[in-house]
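Presented below is the structure to which this report refers.
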Amino acid sequence: MPLKPIAPAARAAFGRRLRAWYRRNHRDLPWRKTRDPYRVLVSELMLQQTQVSRVLEFYARFIERFPTMQHLADARPKRVMESWEGLGYYARARNLHKLARHVTREGGPGALPSEPTELRKLPGIGAYTAGAVASFAYEKRAALVDTNVARVLSRVFAPKLNPKRPRDLKKLWVIAEQTLPRTGKTAWTQNQALMELGALVCTARLKRCDECPLARMCKSAE
DNA sequence: TTCCAGGGAT
DNA sequence: ATCCCTGGAA
């Protein structure tokens with residue numbers, strides 16, 4: 001079942017409205033002010049499992065204790081786990097530590113790769129986080145789809161798709177790639193905007209279509 | 001008080 | 001397909 005390509009005009013309108021909305025409505029979050037791949041990674045891993053409000057404190061404390069990949073790599077497992085205490089999903093803290101030790105190993109620069117395919121080889125990094133680091137840290141022109149993005153894209157372009165079904169999720173990745181702006185810099189903003197819209201307006205429980213910049217072109221707007 | 005969201009590993 | 005863990009919505 002081939003996926004109908006999105007009309008260029010719709011694509012352009014989608015991006016412009018989305019980004020314009022973002023500029024006016026986005027929250028001011030610390031990980032949006034940095035391009036440090038390490039910080040972006042830490043924030044993404046924490047955000048996978050916790051609300052923004054809660055991540056804020058943990059993120060600040062974590063970065064204070066482990067300011068760089070090298071600091072984290074040098075730390076004792078116990079201290080890393082203590083810093084994660086209360087966030088849950090502790091396997092991810094272990095993966096993060098493992099990752100830090102891996103990329104700094106034997107004189108390694110402690111740098112993360114910038115390509116999603118390379119990032120995905122690292123422990124704890126799946127398709128979403130790979131895209132997030134590539135886009136948010138390196139400003140690569142990379143797609144990223146988490147459940148927020150999947151929900152927004154399906155509602156706007158393909159209401160028949162069910163993001164929970166793996167087969168449909170693949171199609172949503174295709175849509176995400178099709179709607180990606182030309183430059184990495186603009187993609188950064190658009191990806192952030194997609195996530196923000198999913199978090200603030202087009203939420204799982206409530207569709208606040210009256211405040212949505214995409215309502216006019218949305219296939220499931222009310 | 002129950003129910004669900006949320007990436008990745010296995 | 002299941003598990004991991006917790007806050008917050010219903």
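For the numbers below, each heavy atom of this structure counts, side chains included, while hydrogens, waters and symmetry mates do not. Lettering of chains follows the sequences in order, A, B, ..., and the numbering in each one begins at 1. Everything numeric here is computed off the predicted structure, so don't read it as measured data.
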State, without any angle test, whether Glu44(A) and Tyr128(A) hold a side-chain donor-acceptor pair at a distance under 3.5 Å. yes
Atom CD of Gln49(A) and atom P of dG8(B) are separated, to the nearest Å, by 11 Å
### Task
Ignoring backbone atoms, test whether Lys164(A) places a side-chain nitrogen or oxygen under 4.0 Å from the OP1 or OP2 oxygen of dA5(B).
yes
Rounded to whole Å, the CG-C1' distance (Leu119(A) to dG8(B)) equals 15 Å
In whole angstroms, the gap separating P of dG6(B) from CZ of Arg54(A) amounts to 17 Å
Of Ile125(A) and Gln51(A), the one whose nearest nucleotide on DNA chain B sits closer to the 5' end is Gln51(A)
Rounded to whole Å, the OH-P distance (Tyr89(A) to dG6(B)) equals 11 Å
Lys121(A) atom NZ is separated from dA9(B) atom P, nearest whole Å, by 14 Å
Item to check | Any donor-acceptor N or O pair under 3.5 Å, side chains Arg32(A), Gln192(A) | outcome: yes
Taking for Leu47(A) and for Arg120(A) the nucleotide of DNA chain B with the nearest heavy atom, the one nearer the 5' end belongs to Leu47(A)
Less than 4.0 Å between a side-chain N and a carboxylate O, is that true for Glu115(A) and Arg120(A)? no
Walking DNA chain C from its 5' end, the first of Gly86(A) and Pro166(A) to be reached, judged by nearest nucleotide, is Pro166(A)
When rounded to whole Å, the CG to P distance for the pair Leu45(A) and dG6(B) reads 17 Å
- Just to confirm, is there a sub-4.0 Å distance from OP1 or OP2 of dG8(B) to any side-chain nitrogen or oxygen of Asn95(A)? no
From the list Leu180(A), Leu144(A), Val40(A), side chain to side chain contact (heavy atoms under 4.5 Å, CB included) partner of Ser135(A) resolves to Leu144(A)
Contacted region of DNA chain C by chain A, from 5' end to 3' end of the hits, cut-off under 4.0 Å to heavy atoms, spans dC4(C) to dA10(C)
Result for 5'-nearest mapping on DNA chain C, choosing between Ala91(A) and Arg205(A), is Ala91(A)
Is any NZ, NE, NH1 or NH2 atom of the basic residue among Lys33(A) and Asp28(A) found under 4.0 Å from an Asp or Glu carboxylate oxygen of the other?
-> yes
From the list Ile125(A), Leu41(A), Thr129(A), Leu99(A), side chain to side chain contact (heavy atoms under 4.5 Å, CB included) with Leu119(A) holds only for Ile125(A)
Within the structure shown, what part of the strands sits under 4.0 Å from Thr50(A) by heavy-atom distance: base, sugar-phosphate, or nothing? nothing
Atom CZ of residue position Arg35(A) - does it have more than 12 heavy atoms of other residues, nucleotides or ligands inside 6.0 Å? yes
Rounded to whole Å, the CZ-P distance (Arg94(A) to dT10(B)) equals 11 Å
Whole-Å distance, Asp146(A) CG to dG8(B) C1', equals 13 Å
Per atom distances to the Tyr128(A) side chain, the nearest of dG8(B), dG6(B), dA5(B) is dG8(B)
